[in-house]
Engineer: 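Here's a structure for you.
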Amino acid sequence: MTNTTTQIEASFGAARKLFNAPAASIAIATRKAWESFQEHVQWRPGEVHLISNMDEESVLLLDKSLPMCDQIVGIGGGAAMDMAKYLAWTRQCRLILVPAIVSCDAMLTNTVAVRVNGIVRYFGNKFPDEVLVDYGLIQKAPKELNRAGVCDIASIHTALHDWRLARDQIGEKYSEEIASEALKCLTKLDANADEIYNVSPKGIDTIVDLSSAEVDFCTRFGCSRPEEGSEHIVAYNMEYLTGRHIIHGELVGLGIFMMSRLQGNGEDWILDIMKRTGLRYQCLEATPEEIRQCLLTLKNYGKMAKLFYSVLDSRPITEEFVDEALKALYS
Ligand SMILES: [Zn+2]
């Protein structure tokens, strides 16, 4: 199923379109995003709910406590987008998303990532009716949060490698056509790295366009295999082990750094792209010891969480690999 129903409007002031919204709107936002949004647009919904995470408990509780409404408006990053999507799905109402950062593709997909006992699970089926990409609002956020938005494009590099391994070693379904579309996204990322680094309107458009292309080919293929490989296992295991919320882009950046090395797959090339786009990959919110533990438990975590086949099934992560990789990470 391809998403042809979402209208994306990108401009300075796009969020002002909310003034045409029906009266019974409920806004879902993170605290920081709501403060920034209020300074930028003076629109007020009937109700506002500030959220902090997407744990199963929080999601179910909020869903139960909120009334029916005509429209849900999600304002913020991935968690606010996902919560808004979930609530609009259970209410079967209109959904408008206003990204305060273009930090991940949650604003373009129909599924909702919920953390169930610390493990990510996907629920729901609701594409946004409108996405209002307001350059002015997005540029108010710290630049590094927006640069983090390229993580699910950069991850194509390691994900495609894992996907080919799965095709060759266990005969997993593979599509040459989709793989080549995904590779084109990587090339565009490379070509527009400077604009992304500067979070210019062209840089924001590039992130949105590439995310949109990526969501489209993943939806046509039926899952996120073309952009989700072992680098995402690193991200999920880091969340699981630390129990802290760390920006998805920084976790995936770390995963790309580590897994491209394990794969022996153009690690310098992709590192150069991460540096030029400003995608952080050192995950400084985690200690070296936490990263070490994450790598050493990675294969078992992948098995426990019943994730996909990857380089982890064909190459061991040894103490020597971890020592060498950590040294390179901080050099
Ligand atoms: Zn991701």
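All of these numbers come straight from a predicted model, not from anything done at the bench. Just so you know, these numbers use all the heavy atoms, side chains as well, and skip hydrogens, waters and symmetry mates.
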Engineer: Applying side chain to side chain donor-acceptor pair (under 3.5 Å), can you list everything that pairs with D313, at least two apart in sequence or on another chain?
Structural biologist: none
Engineer: Is there side-chain contact between I153 and K188, with heavy atoms separated by less than 4.5 Å?
Structural biologist: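 When only atoms from C-beta onward are counted, K188 and I153 do not touch, as no gap falls below 4.5 Å.
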Engineer: Using side chain to side chain contact (heavy atoms under 4.5 Å, CB included) as the criterion, point out the one residue from V59, I72, L95 that pairs with L87.
Structural biologist: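 The passing option is I72.
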Engineer: Mind listing the closest non-hydrogen atom pair of I207 and N146 along with its distance?
Structural biologist: CD1-O, 3.6 Å
Engineer: List the residues meeting side chain to side chain donor-acceptor pair (under 3.5 Å) with Y240, not counting sequence neighbours, and say none if there are none.
Structural biologist: none
Engineer: I want to check something: taking the side chain as every heavy atom from C-beta on, are F257 and L271 in contact at a cut-off of under 4.5 Å?
Structural biologist: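 Contact flag for F257/L271 side chains = yes.
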Engineer: Which residues pass the salt bridge (Lys or Arg N to Asp or Glu O under 4.0 Å) test with D272, not counting sequence neighbours?
Structural biologist: R276
Engineer: Assess, by modelled atom type and distance only, whether the side chains of Y309 and E172 contain a donor and an acceptor separated by less than 3.5 Å.
Structural biologist: no
Engineer: Which other residues end up in the same hydrophobic cluster as V41, if Ile, Leu, Val, Met, Phe, Trp and Tyr are linked when side-chain heavy atoms come under 4.5 Å apart?
Structural biologist: L18, F19, W34, F37, W43, V48, L50, V73, I75, I96, V98, L132, L137
Engineer: If every non-hydrogen atom of I204 is compared with every non-hydrogen atom of V102, which pair is closest and at what distance?
Structural biologist: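 Result for this residue pair: CG2-CG1, 4.3 Å.
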Engineer: With a sphere of 6.0 Å drawn around CD of E177, does it hold more than 12 non-hydrogen atoms of other residues, nucleotides or ligands?
Structural biologist: no
Engineer: What heavy-atom pair brings S230 and Q263 nearest, and what distance separates the two atoms?
Structural biologist: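 Shortest heavy-atom contact: OG-NE2, 3.8 Å.
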Engineer: Can you find a heavy atom in the side chain of L66 that is under 4.5 Å from one in the side chain of I28?
Structural biologist: yes
Engineer: May I ask you to check whether over 12 heavy atoms, not counting those of R94, lie within 6.0 Å of atom CZ?
Structural biologist: yes
Engineer: Shortest non-hydrogen contact from A33 to G76?
Structural biologist: CB-CA, 3.5 Å
Engineer: Verify, without hydrogens or angle tests, whether S310 (side chain) and L312 (backbone) share a donor-acceptor contact under 3.5 angstrom.
Structural biologist: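 A pair under 3.5 Å: yes.
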Engineer: State, with a plain yes or no, whether a side-chain heavy atom of I178 is found less than 4.5 Å away from one of W163.
Structural biologist: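 They are in side-chain contact.
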Engineer: Parallel, tilted or perpendicular for H232 and H248, by the 30°/60° rule?
Structural biologist: tilted
Engineer: Checking D162 now: which residues fulfil salt bridge (Lys or Arg N to Asp or Glu O under 4.0 Å) with it, not counting sequence neighbours?
Structural biologist: none
Engineer: Can you give me the closest heavy-atom contact between A166 and R225, atom names plus distance?
Structural biologist: CB-NH2, 3.3 Å
Engineer: Of all residues at least two apart in sequence or in a different chain, which pass the ring pair (Phe, Tyr, Trp, His ring centres under 6.0 Å) check with H157?
Structural biologist: W269
Engineer: Under the side chain to side chain donor-acceptor pair (under 3.5 Å) rule, what do T158 and E231 come out as? Steps first, then yes or no, please.
Structural biologist: CA-CA 7 Å; T158 36; E231 75 298 318; 2.8 Å; yes
Engineer: Mind checking whether M258 and L298 have side chains closer than 4.5 Å, heavy atoms only?
Structural biologist: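 The answer is no, as the side chains (C-beta and beyond) never meet within the 4.5 Å cut-off.
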Engineer: Would you say the side chain of V116 lies within less than 4.5 Å of the side chain of I119, judging by non-hydrogen atoms?
Structural biologist: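 No - every pair of side-chain heavy atoms lies 4.5 Å or more apart.
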Engineer: How long is the span from the CG atom in L279 to the CD1 atom in I196, to the nearest 0.5 Å?
Structural biologist: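 With rounding to 0.5 Å, CG (L279) is 10.0 Å from CD1 (I196).
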Engineer: Which pair of non-hydrogen atoms, one from S155 and one from V252, has the smallest distance, and what is that distance?
Structural biologist: CB-CG1, 4.0 Å
Engineer: Consider only side-chain heavy atoms of I, L, V, M, F, W and Y, link residues closer than 4.5 Å, and tell whether L296 and Y330 are in one cluster.
Structural biologist: yes
Engineer: Return the set of residues passing salt bridge (Lys or Arg N to Asp or Glu O under 4.0 Å) with E250 (not counting sequence neighbours), or none when no residue passes.
Structural biologist: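 Listed in chain order: R280.
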Engineer: Could you tell me which residues satisfy side chain to side chain donor-acceptor pair (under 3.5 Å) with K140, sequence neighbours excluded, listed by chain and number?
Structural biologist: E39
Engineer: Sequence neighbours excluded, which residues qualify as side chain to side chain donor-acceptor pair (under 3.5 Å) partners of E324?
Structural biologist: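 Testing E324 for side chain to side chain donor-acceptor pair (under 3.5 Å), a comparison that skips the adjacent residues, returns R261.
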Engineer: Taking L262's backbone N and O only, do any of them form a donor-acceptor pair with R315's side chain (distance below 3.5 Å, no angle check)?
Structural biologist: yes
Engineer: Check whether more than 12 heavy atoms from other residues, nucleotides or ligands sit under 6.0 Å from atom CZ of R44, and answer yes or no.
Structural biologist: yes
Engineer: Would you say Y197 has more than 12 foreign heavy atoms packed within less than 6.0 Å of its OH?
Structural biologist: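 12 or below, so no.
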Engineer: Using ring pair (Phe, Tyr, Trp, His ring centres under 6.0 Å) as the criterion, list what pairs up with F217, not counting sequence neighbours.
Structural biologist: none
Engineer: Under a single-linkage definition using a 4.5 Å side-chain heavy-atom cutoff for Ile, Leu, Val, Met, Phe, Trp and Tyr, are F12 and I8 assigned to the same hydrophobic cluster?
Structural biologist: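 As far as the 4.5 Å side-chain criterion goes, I8 and F12 are connected within one cluster.
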Engineer: Would you say CG of N20 has more than 12 non-hydrogen atoms from neighbouring residues, nucleotides or ligands within 6.0 angstrom?
Structural biologist: yes
Engineer: Just verifying a value: how many Å separate I138 CD1 and I101 CD1, rounded to the nearest 0.5 Å?
Structural biologist: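 These two atoms lie 9.0 Å from each other.
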Engineer: Check salt bridge (Lys or Arg N to Asp or Glu O under 4.0 Å) between E9 and all other residues, then give those that pass, not counting sequence neighbours.
Structural biologist: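 Per chain and number, E9 pairs via salt bridge (Lys or Arg N to Asp or Glu O under 4.0 Å) with K17.
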Engineer: Checking F308 now: which residues fulfil ring pair (Phe, Tyr, Trp, His ring centres under 6.0 Å) with it, not counting sequence neighbours?
Structural biologist: none
Engineer: Any luck finding a side-chain donor-acceptor pair between D152 and S211 under 3.5 Å?
Structural biologist: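 S211 and D152 do not have a side-chain donor-acceptor pair below 3.5 Å.
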Engineer: Please walk me through it: do D82 and K85 pass salt bridge (charged side-chain N to carboxylate O under 4.0 Å, His left out)?
Structural biologist: CA-CA 5 Å; D82 268 356; K85 239 188 288 174; 3.2 Å; yes
Engineer: Start with the C-alpha gap between E239 and R115, add the side-chain angles, then the distance that decides, and say whether salt bridge (charged side-chain N to carboxylate O under 4.0 Å, His left out) holds.
Structural biologist: CA-CA 10 Å; E239 282 189 347; R115 302 296 186 276; 2.7 Å; yes
Engineer: Is there a donor-acceptor pair closer than 3.5 Å between any side-chain N or O of E290 and the backbone N or O of T287?
Structural biologist: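 Checking the backbone N and O of T287 against the side chain of E290, a donor-acceptor pair under 3.5 Å is found.
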Engineer: Quick check for you: to the nearest 0.5 Å, what is the distance between L186 atom CG and E227 atom CD?
Structural biologist: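 Between L186 CG and E227 CD, I get 11.0 Å after rounding to 0.5 Å.
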Engineer: For the residue pair E47 and P67, establish whether any side-chain heavy-atom pair is separated by less than 4.5 Å.
Structural biologist: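 Side-chain contact under 4.5 Å: yes.
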Engineer: Do Y135 and D205 touch side chain to side chain, with heavy atoms closer than 4.5 Å?
Structural biologist: yes
Engineer: With a 3.5 Å cut-off and no angle check, do the side chains of D134 and H40 form a donor-acceptor pair?
Structural biologist: yes
